[in-house]
Each structure stands twice: as C-alpha cells, then as structure tokens.
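Report on one structure; see the data block that follows.
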Amino acid sequence: MWITSDVELPQPVIDAHAEGQLVFFVGAGASFDAPSSLPLFGALARQLAELACVPFDEAAPIDFFLGSMPENFDTHTHARELIAPAGSAPNSTHAVLVRLASATGPLRIVTTNFDDHLSSAASARNVDVCNKWFGPALPLGDDFAGIVHIHGSVLNEPRGLVLTDSDFGRAYLTYAWATRFLLPMFQKFTVLFIGYSHDDPIMRYLALGLPSRTPRYAFTGEDQAGDPKWTRLGVETIAYPVRDHDHGALVASLEAWDARARMGRLDQQSRMAQIVEAGSTLTPVDHDYASGRLQIVDGARQFAMATAKVDPSRQLEWLRWIEGLPEFKALFDGRSECEVSSVLAYWYSDTFVASSECHGAALQTVQRLGQTFSDVLFHAALSAVERLAKSDPDAARRWKVILATSVLGRSAPIDPLELSYEAGELAEPISVLRAAVRPFLVLKRPWFVDEQVATDIPDAEATWSSEEVSLTSHVLRAVVAAPCGDPKIVAVLEESLNAAYDLLDVYHGASQWDRLGAGRSAIEAHDQDQFRNPIDAIIDGLRAYGEKALSKQPTLIERWWCFERPLFRRLSLHLLHEDESRTPDQKIDWLLDRSVLYEPDIKHEVYRVLNTTASDASGAVRERLLSAARVGPNLADDLPDRERHDAYMRFNLVVWLVAAAPSWADARDLLAELRAANPDFEPREHPDFDSWMTSGTRRVTLPMEPDVFAQALADDPKVAMDGVLHRDYSERNFDEPRWGDALSLVRSIAGTRPELGEQIWTDIDSRTDLGSKAIDLHEAIIEGWAKADLGEVADTAVARVGTVVSTSSSARSVSKFILEQVQSQIESAETPALTAMRKVAHDLWAQHGNTFTHRQEDVLSAGSLYLNCWPGDLTRYWITEIDRRWRKQRDEWSGLNGEEGSACLI
C-alpha cells in the first residue's frame, strides 16, 4: 500500500501493526539526525580509534576492530561518553516511532541504540511505555511490551554495552541472552527494522542465530533496497528516497502511517468522501487507501455512502474503477459470500441495476466481468430489478431475461451432452435433448464500436451451452432416429429456435434485422456457412426434420411461415423449394401471395425458389411475377439515396430472373429498360446474396498519386482536399479507393512532407461538415508525423497533437507519435518540442488512464498487450525519454527528476 507518494508499505506490515503484532526494531540511523546528532556505529568506531590513538581499520568488521583496541583503553566508558553528549535530544524519527508503535496497542520497540531518546520522546508525548528492559536482563520475547534495549543503555554501567566481538559473542552465542529473547520474538511477531544497513553487525548475528522464513522487513534507502544482501538476510526491504542525505521521506511515511492508523470512523468516512468526490483518477496513495478500505465492511459501506452523494457520471467512473478490485470481481465468479461482498453487491445493484439512467452500465459490468453471479449478487439484482420496473419497464425486462435465463451456473443451462457418449451411438432421450437445446444470452461488447458510451447496453447474442459439433451430431441423430413426423422432436427444436428469438426480442426490442439468422447465409448446406455456431445445429435439425416429414406434413410449410420469424420463414421457403407436390406456378403464386420478392432477410431462399420455377412457369404467372418485379420494394421514405436503392433492387431481381429463364423475352426487355435508365449498374457475381465472403489480399488504391496530391496542396489546399473528401467511397468495387485509402494518402503526405500535413490540418479545422471524418484525418496526420523528421514544424505539430488528447479514440495515435518521435531523437538535446511532448504524455494519462480497457480475447500475453496499446506506448515513451536525458547528462546525473518520477508513479 502506498502510504505516501514515495513509500509503499507491504500489506502484511500494515496488517500486523493493526493487529498489535508488529515490533519496531530501531537502529543507530534513527538517532543520526539533529537534534540527536549521534554517530552511526562506524563513525563511533572511528571516534574511539582517534581517542585511542590507533589507526582505523576500514577492512575489519567494526565489532572485531573494537575488540582489538588497546588493553589500557576503556572502550565501553569512552563509547558511553560519546553517545551521551550534552545537548543531544530526541528527533522527529523518535517522536513518530513512539506514536506509531503505540497507535494500535501496547508499544513494542526493540533497539540496539544505547541512548534513551525513545523513552524521552514517549514521555514528552504522554505515550505509555509500560516497561523498559536493558540487556542482559530481558523479558520473554513472545510476551513483552515496552522498550527493550537489547545491547544495553547509557543509563546503566558502561560495561553492559554490546560493542566488541566478545560482547556480541556473549550476547548471541555463548550466554545467548539476546538470542533467547529474539528467537521467540521473531517467531511470534512481525519485525520491522528502522535505522539499519545490511552491513550492520547486528544483521550478521541475526542471520546466524535466527530461523528463516520469519516475517522481517526493513526501511532502507532506494540505493540499497535492491542489494542481494538483504535477501540473504531474509529481509524484505521497504524503499524510500534519500535526497542529499535527507531521510525526510522516511519520517513523512511514518507520520502518514501513524495518522492513518489513528483515524477514527468519522475520519475514515470523511477521507473516503473526499476521494470519491475528487474522481477516480487517483494518486497511488489514494488508490491504495480506497482499495484497502474496500477490503473491510466499514470501508465498503463508507464507499457506498460516498458514491451515493455524487452525480451519476462520477458514479460511473467509480464503477469502472471498482471493476479492477478482487473484492468486486469475486461477485461475478460465483465465489464471494463475505460481508464485504454483500455490501458491494447491494451498492452495485441499488446504484446501477435499479437506475433508469445507469442500468446499461451495470450490464456492461456483467459483460466485462462475467455472467456467473454469487448468491448475494443474484438476490440483490433481483430486488433492484423490481424497483427498475417502476421507472423503466423495458430495461427491467432486459435485466429479468438475463437473470431468469442466462446467469451461468444458476439460470443458464449446463451442457448435458458433456455427460453423453460420443455421437454415432443411440439418440439421446428427448428430455436430455430438450435441455441441450435450451438457449441463453451471452453479453458481448459491440463489434462495431471502439468505445462504448458508459450507459449503453452491451450487445447480446443467443447461444447454447453445447459446442456446435457435438450439438449438431446429437440433434441430427435424434431426427434420424425419430419416426417421420414425430411431434415431440419437432416441438423441442421449434421451441429452441422460438426461445432464442424471444430472448433477443426482450433484450434488444424490435429490430429491423435478423440477429439470429444473420450469420447463416443459406438454409441448405453452403460453402458460405463453413464457420458454424450452435444455432446452425438447430437450423440443420429443423431442415432435416422438414425434409423427412414433408411428404406426410405438407402443411409444415405454412406452419413455419406463420411463426413470422425470419429463420422459420427461410426454413419454410427451403421446404417450398424441395416440395415435389407443387407445380412451378403454385410455388411462384405462393411467393407472390405473400409479397416476399424484396424481403432482405429471406432473399436467398426466395431467389432459390425462383431459380427452379421461372423457366417452367406459365405465361400468366410469369406476367404476374414480372409485374411484381416492376413495382419494386417498399423502402422507407427517409432512406438515403432511396430511388437508387429501389432501382438497383429491381435490376438485381430481373438479372436473376433472366438468368433463371434465358428465353423469357419480357424479362429481357425489362432488364434492357432498367439498364438504359441506369447505365452504371452491373450484375453482382452472386445476386441472391447481399454479402459474400471471400479470401484474398486487397491492395491499397489511393485516390491519387502522392506527388500529384502534394502539388495540389501546394497550389490550393482547399481544392486539393475537396478532391479527396468529395469522392464517393461508399461503392464496394474491390479495386476502387475506400475511405481507408484516402487516409493512407494523407498519412503518407504528412510523413514525407510534414509541412503539408499542417496545411491539411488547418483546412480540416476550417470545415464544419466532416463529422467523424475530421477525427480520422487528424489521426492520419498524427500517424504520418510520427515517422517524419518534423524539422521546422516540430513545435506546431506537437501543439496540434496536444489538441486531440481529450479524444479517447485518438489515444493510440497520440501515444505512437510521442514514442516514435522520442525514439528518433534519442541523442538530441532538450528542445521545446521534446518539452511539449512530455506534457502531452502527462495529459494523455490524466485524460484516459482510468478508463483504459482491452478485450481479453485480443490479448495473447502481457507482452503483446504492452506492445499493442497506448499505455504500453506511454510506458516505452517515458523509458526512452529518461534514457535520452541520461545520455545528455550522464556526468551530472542525479536520478529521476520530479517530472519523470511522477510519471513512473502513474
């Protein structure tokens, strides 16, 4: 947990302190700063050497050196005099240590210091010390409170001070009174060292005499924190910055810790309210405070109370933030049942599920975290939905259908076929098949948007619990095994398909397109349907049933048509095509009676019937068919370019009829008439499909050559851009330029002629009719500039880039720009553009750092995410920028500056 912006405390240390199980082990470093001003152990040895008139041995361990002092030199008495000078007094470290040690229970401090400053600091602040002990007369290590001077004290006889190797030997090895105290102490308590280095003699003796794997921690400067000696000593370090020998960051962290430990309930509530009100873009300190408080019931309740008082937009920020916490995530994996989870479940349900404004955000949370609800979340959501129904019945129905049918492990079906034998053996009992074909909804992020609006509902698809291959084999085996026209098997399959439509209708409401059947190109087996889903098993089962039963149940065609669902109607038309009992005239009349010639959802099946009937139909039926073709489709009045769409749909149908009946003269005449009216119309390769999937590589087709475009920009930027912007990019001709090709042209020009990129930017900003295309063009220019030698336009280009930082969709373009530019200038001295890029980097994180998300299915590893997202670019930018500054200032290097340090803490 970040206790200050400089210091991160391990959670076990904080927990041990809160539980009264932490011992502070204080060394000479605590008494170094004024007004204590006492020497460290090494400096003390040097002063004693000077008094004894002997040279100080730098190579020898300090305790060995002190043990080798002349026999006529009273080392202990002189040491006592040096450690107790007049004017030495407790410093800020002593003051905060005694307060912190007594904040959550009895004070427990063990010290190797000889001075009495800890006790004096405690007396000055009315801190109860309880007891004081001086070695060798020590208490039981696993049952003590107070201050333990394990190496003696200036208050006692000098000979009791542990200074020399002989003293250490008696304390830790022969008499071992220090070891007898420390061993049970380390076994019972968590120990935190303050004021020691890894080379202090005490550390060597502790390593020799104490058990491993006891919880030991030490505050140490950042320059020593990574030293492997600490690891060999079994000590986990807590680093803090030391600037110009100033250890103020340590004292500040201890003070912040003490203040945190002493916070009462009202203090905690006020602090949480302040954090929530300020928004979810948090400092590391506030982040760790809030996340730590959310691990306990009181903290979760305070968070819920605080978020209830802010506006909905702020609440949505906090919902996205809390989605990253394990305590909240656990609600969506079915495991969490603790009291904290209950508080968070009802907060989520009451604040978002029950809200007519925010219920869509709550569904987005389900889409991101999963559809496996814990018990408490499930019941909290049920209660919230009842309240939602009073303000927004449609939203409530959407939530009800999720809760009633699609919560994994609860209302969503399991896969009963996992228990079954392999396909090819006996058919499943009808009850097992009924369970296997029960659909449910799975929430998805919309594929057609880069960034979801916070309150939008996510997409939802109907699916089945069984894998497509297994489901298809079991369904078809059941159809084959059932008697011809068996009502039970068809009822199960019809219910499955109708239920899927019902789920989608409740969730999405009325829709103009067939979500369920959109991925199925044809009812019959077709190459376009090689990528299959579980819905294909249901379609194939109904198709196989219909083909088998058609001779006995010719009314099945009308039955399925009357369901009025697109897939049922397509199945009905498939059976009409297969029906050998009906004549071509009867089949065409059947189509015309239902006015389906131009229905888009059933187009392929209608055309397929026409393909096998038009050539053999009677003249009267042909005339009726051609008359219907002339009338055209019933298109919406507000459809853009309505007349052109109408004309092409009539043209496309007549092309198909002529292909089906080449000798049909009236059809050929109508086609010639339509061609004359629309000379640019060309037949599609597959007129019966509105889309066709193929594989291959498409080359970039630029709207014009880059050098031509560059010259046009130099002559008149507005005219040049009109030539690009006013081109029709809507046609789907494989070799014609598309909007992406236009952006490639702009990107290329900005990369090779950055000053022309600036002209294009100016022209874009002067136009008011571009809409989202303006964002596309800005991003293309930025991406071109990223790879350019910007030269004289560098300052202007960076300023331009800074203006789009607030646009979330442009974050990747911005991050790549600053990364590639700083990489290309790695050996450069400071410039205004480099300075401005650092501000862009800070602003980018400030704007979007708290809202970054990624699709789990798109990430193969942490490494791929690091290389393929804007926060990864931003991280690499700062690494490169720090490297660039170090290369230019290596002789004066003093570590990260404030700007770099704050970036690394983001």
Is it true that atom [atom1] of [X] has more than 12 heavy atoms of other residues, nucleotides or ligands lying nearer than 6.0 Å?
X      : atom1 : result
Asp765 : CG    : yes
Lys773 : NZ    : yes
Glu277 : CD    : no

Check whether [X] reaches the backbone of [Y] with its side chain - one donor and one acceptor, N or O, closer than 3.5 Å.
X      : Y      : answer
Thr831 : Leu834 : yes
Thr231 : Asp227 : no
Gln823 : Thr880 : no
Glu900 : Asn897 : yes
His848 : Pro871 : no
Thr4   : Asp6   : yes
Tyr348 : Ala362 : yes
Gln847 : Val805 : no
Trp318 : Val276 : yes
Tyr877 : Lys816 : no

Step through it carefully: locate the ring centre of [X], locate the ring centre of [Y], and say whether they are under 6.0 Å apart.
X      : Y      : value
Tyr289 : Trp2   : no
Tyr240 : His247 : yes
Trp878 : Trp845 : no
Tyr196 : Phe219 : no

_Residues which pass salt bridge (charged side-chain N to carboxylate O under 4.0 Å, His left out) with Glu236, listed by chain and number, not counting sequence neighbours_ =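 Partners of Glu236 by the salt bridge (charged side-chain N to carboxylate O under 4.0 Å, His left out) criterion come out as none, since no residue qualifies.
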*Would you please name every residue forming a salt bridge (charged side-chain N to carboxylate O under 4.0 Å, His left out) with Glu792, sequence neighbours left out?*
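Scan of Glu792 (salt bridge (charged side-chain N to carboxylate O under 4.0 Å, His left out), adjacent residues dropped) gives none.
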_Please determine whether side-chain hydrogen bond (donor to acceptor under 3.5 Å, both in side chains) holds for the pair Ser744 and Arg738, giving the CA-CA distance in whole Å, both sets of side-chain angles, and the decisive distance to 0.1 Å._
CA-CA 10 Å; Ser744 295; Arg738 301 181 186 175; over 6 Å; no
Distance only, no hydrogens: is a donor on one side chain within 3.5 Å (strictly under) of an acceptor on the other, for [X] and [Y]?
X      : Y      : value
Arg293 : Gln302 : yes
Glu755 : Gln759 : no
Thr365 : Glu323 : yes
Arg800 : Thr762 : yes
Gln315 : Thr351 : no
Ser313 : Asp311 : yes

_CA sep, side-chain torsions, deciding dist, call: Ser810, Glu779, side-chain hydrogen bond (donor to acceptor under 3.5 Å, both in side chains)_ = CA-CA 6 Å; Ser810 301; Glu779 291 175 3; 2.8 Å; yes
On a heavy-atom basis, which atom in [X] and which in [Y] lie closest, and how many Å separate them?
X      : Y      : value
Val235 : Tyr217 : CG1-C, 3.8 Å
Ala218 : Leu192 : N-CD1, 4.1 Å
Leu790 : Ala797 : CD1-CB, 4.1 Å
Val804 : Ile782 : CG2-CD1, 3.5 Å
Arg216 : Leu233 : NH1-O, 3.5 Å
Ile781 : Ala750 : O-CB, 3.7 Å

_Using the salt bridge (Lys or Arg N to Asp or Glu O under 4.0 Å) definition, which of the options Lys888, Arg885, Arg884 pairs with Glu830?_
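Looking at Lys888, Arg885, Arg884, the match for Glu830 under the salt bridge (Lys or Arg N to Asp or Glu O under 4.0 Å) is Arg884.
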*Evaluate side-chain contact (heavy atoms from CB on, under 4.5 Å) for Phe352 paired with Leu316, printing each intermediate quantity in order.*
CA-CA 8 Å; Phe352 301 102; Leu316 293 170; 4.0 Å; yes
*Asp873 with Arg812: basic N within carboxylate O range, under 4.0 Å*: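 A salt bridge is present here (some side-chain N lies under 4.0 Å from a carboxylate O).
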*Ionic contact status for Glu827 with Arg887, cut-off 4.0 Å*: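 Here Arg887 pairs with Glu827 in a salt bridge, since their nearest N and O are under 4.0 Å apart.
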*Kindly state each residue pair satisfying salt bridge (Lys or Arg N to Asp or Glu O under 4.0 Å) with at least one member in residues 706-719, sequence neighbours excluded.*
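Checked against salt bridge (Lys or Arg N to Asp or Glu O under 4.0 Å) - neighbours excluded - the pairs reaching residues 706-719 are Lys718-Asp722.
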*Which word best sums up how the rings of Trp761 and Trp785 line up, parallel for under 30°, tilted for 30 to 60°, or perpendicular for over 60°?*
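The rings of Trp761 and Trp785 lie parallel, inter-plane angle below 30°.
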*Assign the ring pair Trp230 / His198 to parallel, tilted or perpendicular, where the plane angle (0 to 90°) is split at 30° and 60°.*
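Perpendicular.
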*Can you list the steps and then say if Thr220 with Ile238 is a side-chain contact (heavy atoms from CB on, under 4.5 Å)?*
CA-CA 6 Å; Thr220 186; Ile238 304 171; over 6 Å; no
*asked:* Is there a side-chain hydrogen bond (donor to acceptor under 3.5 Å, both in side chains) between Glu357 and Thr455? Walk through the geometry before answering.
replied: CA-CA 7 Å; Glu357 184 176 355; Thr455 54; over 6 Å; no
